[in-house]
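Report on the following structure.
Within every chain, numbering begins at 1; the chains are lettered A, B, ... in the order of the sequence lines, protein sequences first and strands thereafter. Both backbone and side-chain heavy atoms feed into the values below; hydrogens, waters and symmetry mates do not.
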Amino acid sequence: MPELPEVEVVRAGLEPAVSGAIITGVEVLDQRALKRHDPIRGDFAALLTGSRLSGAVRRGKYLWFPVAEGPAAGDVLAAHLGMSGQMLLREPGRDDKLTRIRLSLEHPEHGELWLNFVDQRLFGGMMIDSLVPTPDALPAGFGGAFEPGALIPRTAAHIARDPLDPHFDDRAFFAGLARRRTGIKRALLDQTLISGIGNIYADEALWAARLHYDRESAGIPQTRRRDLLEQVRGVLRRALVEGGTSFDAQYVNVNGNSGYFAHSLNAYGQQGKACPRCGGEIVRESFMNRGSHFCPRCQRAR
DNA sequence: AGAAAATCCTGCCGGC
DNA sequence: TGCCGGCAGGATTTTC
């Protein structure tokens, strides 16, 4: 599933292609991929056609592309990959199965490209959104060469910074954990507390921190909270270096290639295998409508 | 108000 | 060979 490392790989791959490019054509092949777009602001294709994009910005799993010129100038093209979304850069004429939205790009240096938004399960989507000030008045997210400034898409404004953001508030995160009387994994998956973590990296970070997924968040000592955040950052950084996790050929980068972090997983999807740390058997339990993978021997409930 | 459950969505895969 | 039930889990909405 696309989580922070996968979305960052996509953002970095798109950055050189979209920065300075003009959208010359928009084809919405499945309207459901626009489910977050407010039609009152105007037709998606009409707003976007003729627009020049200035960069690619990410916070957590949210992506957006500021519009510098054209009908949507001052607003952004926002995208979320959901469960199975992909953004593929292709030679014009090269279609992909399950393409829901296609953007034709004209870049002053790189020429013409297709950007195919592919999404099997339709949990992801694109929209035109407006910018609002960030609650903390600090830069909105990570944009590579593009400096986003203190403006964030309205629909992403409620999301916390991600743990690789230099402005991430460690203390607010620890305070949030101390306040929550719920399982620690629920807290890690709460994008308003910490963004960018999904099921894979939650399980991996909890394994690394030797914490059971359903241990009460508020009862975890401060030293272990610190360690958990450290493990979260370590897992996300390592996955990013490996190009993300490709599981069941679900996630690919903008060229359609897989990431390699699946080979480095210690807990997620490893049920039945030996825990790499203690040799116990990794088990999978159903929790929050999803699988939780952990080692019952070195991740005790209490 | 905070926590938990319900909801959306469909291609793929294993089993028969 | 072909059908079909089950599976995957992001974020939002609804319920408790």
Side-chain angles (χ1 to χ4, degrees), chain A residues 1-11 29-38 58-64 78-88 95-101 116-127 129 152-160 162 175-206 213-219 236 239 244-252 256 258 262 265 267-272 284-294:
Chain A
M1 331 311 137
E3 304 177 30
L4 188 154
E6 293 77 30
V7 179
E8 174 54 26
V9 167
V10 170
R11 190 210 65 76
L29 303 169
D30 193 321
Q31 289 287 333
R32 293 174 296 178
L34 294 181
K35 64 184 169 188
R36 296 177 195 208
H37 178 77
D38 181 3
R58 179 193 56 76
R59 175 189 286 210
K61 307 172 197 170
Y62 286 75
L63 266 178
W64 66 93
H80 198 291
L81 301 180
M83 277 293 301
S84 51
Q86 305 177 349
M87 300 188 82
L88 298 166
D95 195 16
D96 286 288
K97 202 177 164 185
L98 303 178
T99 299
R100 312 295 191 180
I101 300 170
N116 292 336
F117 180 81
V118 174
D119 189 6
Q120 179 196 125
R121 287 172 228 174
L122 287 163
F123 279 18
M126 288 183 144
M127 67 181 292
D129 202 3
I152 190 165
R154 184 179 299 277
T155 53
H158 62 296
I159 296 301
D162 64 66
L177 290 186
R179 209 181 303 122
R180 277 171 170 70
R181 311 202 69 84
T182 183
I184 182 63
K185 183 169 175 179
R186 275 201 162 85
L188 286 182
L189 293 175
D190 181 350
Q191 306 295 302
T192 66
L193 178 64
I194 182 170
S195 68
I197 303 173
N199 203 39
I200 296 175
Y201 298 112
D203 281 1
E204 288 300 306
L206 289 169
Y213 66 84
D214 205 19
R215 175 146 169 200
E216 191 187 61
S217 175
L236 294 178
T245 301
S246 298
F247 202 68
D248 289 348
Q250 215 34 269
Y251 153 78
V252 292
S258 297
L265 294 172
Y268 185 87
Q270 306 303 302
Q271 60 270 29
R284 178 188 190 277
E285 287 181 5
S286 199
F287 175 73
M288 287 178 74
N289 243 347
R290 47 183 59 107
S292 278
H293 313 74
F294 68 105

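- In this structure, Glu204(A) contributes its side chain and Tyr268(A) its backbone to a donor-acceptor pair below 3.5 Å.
- Rounded to a whole Å, the NZ atom of Lys185(A) is 13 Å from the C1' atom of dG10(C).
- A donor-acceptor pair under 3.5 Å is absent between the side-chain atoms of Ser217(A) and the main chain of Thr182(A), judged by distance alone.
- The closest donor-acceptor contact from the side chain of Ser84(A) to the backbone of Arg121(A) lies under 3.5 Å.
- Across all strands, Phe287(A) comes closer than 4.0 Å to no nucleic acid atom at all (heavy-atom distances).
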Could you list all N or O pairs between the protein and nucleotides 14-16 of chain C that sit under 3.5 Å apart?
none

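- Taking 4.0 Å as the cut-off between side-chain N and carboxylate O, Lys61(A) and Glu3(A) do not count as a salt-bridged pair.
- Rounded to whole Å, the distance from CD1 on Ile159(A) to C1' on dA11(C) is 8 Å.
- In this structure Thr192(A) satisfies the side chain to side chain donor-acceptor pair (under 3.5 Å) test together with Asp190(A), sequence neighbours excluded.
- Put simply, the side chain of Arg180(A) reaches to within 4.5 Å of the side chain of Leu193(A), judged on heavy atoms.
- Counting any heavy atom pair closer than 4.0 Å across all strands shown, Gly291(A) reaches sugar-phosphate atoms only and no base atom.
- Atom CG of Asp119(A) and atom C1' of dA8(C) are 13 Å apart (whole Å).
- In this structure, of dG10(C), dA11(C), dA5(B), it is dA11(C) that holds the atom nearest to the side chain of Gln191(A).
- Here the side chains of Asp129(A) and Trp64(A) are not in contact, with every heavy-atom distance at 4.5 Å or above.
- Counting only distance, with no hydrogens or angles, the side chain of Gln271(A) and the backbone of His293(A) share no donor-acceptor pair below 3.5 Å.
- Taking atom CZ of Arg186(A) as the reference point, atom P of dA11(C) lies 15 Å away to the nearest angstrom.
- In this structure, the side chain of Arg36(A) does not engage the main chain of Met127(A) through any donor-acceptor pair within 3.5 Å.
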Using a 3.5 Å limit on both pairing distances, list the dot-bracket string of DNA chain C from the 5' end; Watson-Crick and G-U wobble pairs count, crossing pairs take [ ], interstrand pairs take |. .|||||||||||||||
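- Side-chain atoms of Glu285(A) and Tyr213(A), non-hydrogen and from C-beta on, do get closer than 4.5 Å to each other.
- Annotation: side chain of Leu189(A) is in contact with side chain of Arg290(A) (closest heavy-atom distance under 4.5 Å).
- Neither OP1 nor OP2 of dG10(C) sits under 4.0 Å from any side-chain N or O of His80(A).
- Taking only side-chain nitrogens and oxygens, Arg181(A) never comes nearer than 4.0 Å to OP1 or OP2 of dA4(B).
- Each of Leu98(A), Ile101(A), Asp96(A), Leu29(A) was compared with Asn116(A) under the side-chain contact (heavy atoms from CB on, under 4.5 Å) criterion, and only Asp96(A) meets it.
- Side chains of Tyr201(A) and Thr245(A): a donor on one and an acceptor on the other come within 3.5 Å.
- Taking 4.0 angstrom as the limit, Thr182(A) places a side-chain polar atom (N or O) nearer than this to OP1 or OP2 of dA4(B).
- Tested against Asp162(A), the residues Gln191(A), Arg59(A), Arg58(A) include a single side chain to side chain donor-acceptor pair (under 3.5 Å) partner, Arg58(A).
- Within residues 192-199 of chain A, the residues having any heavy atom under 4.0 Å from DNA chain C are, by residue number, Gly198(A), Asn199(A).
- Atom CE of Met288(A) is separated from atom P of dT7(B) by 17 Å (rounded to the nearest Å).
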Protein-nucleotides 11-13 of chain B N/O pairs under 3.5 Å:
residue, atom, partner, partner atom, Å
dG11(B), O4', Gln120(A), OE1, 3.2
dG11(B), N3, Gln120(A), OE1, 3.4
dC12(B), OP2, Lys97(A), NZ, 3.4

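- Take Asn199(A) and apply the side chain to side chain donor-acceptor pair (under 3.5 Å) test, not counting sequence neighbours, and it matches Lys185(A).
- Taking atom CE of Met83(A) as the reference point, atom P of dA8(C) lies 10 Å away to the nearest angstrom.
- Arg36(A) has its CZ atom 13 Å from the P atom of dG10(C), to the nearest Å.
- Put simply, CG on Asn289(A) is 14 Å from C1' on dT13(C), counting in whole angstrom units.
- Mapped onto DNA chain B by nearest heavy atom, Gly183(A) and Asp30(A) fall at different nucleotides, with Gly183(A) at the one closer to the 5' end.
- Relative to the side chain of His158(A), the nucleotides dA5(B), dA11(C), dT12(C) differ in distance, and dT12(C) lies closest.
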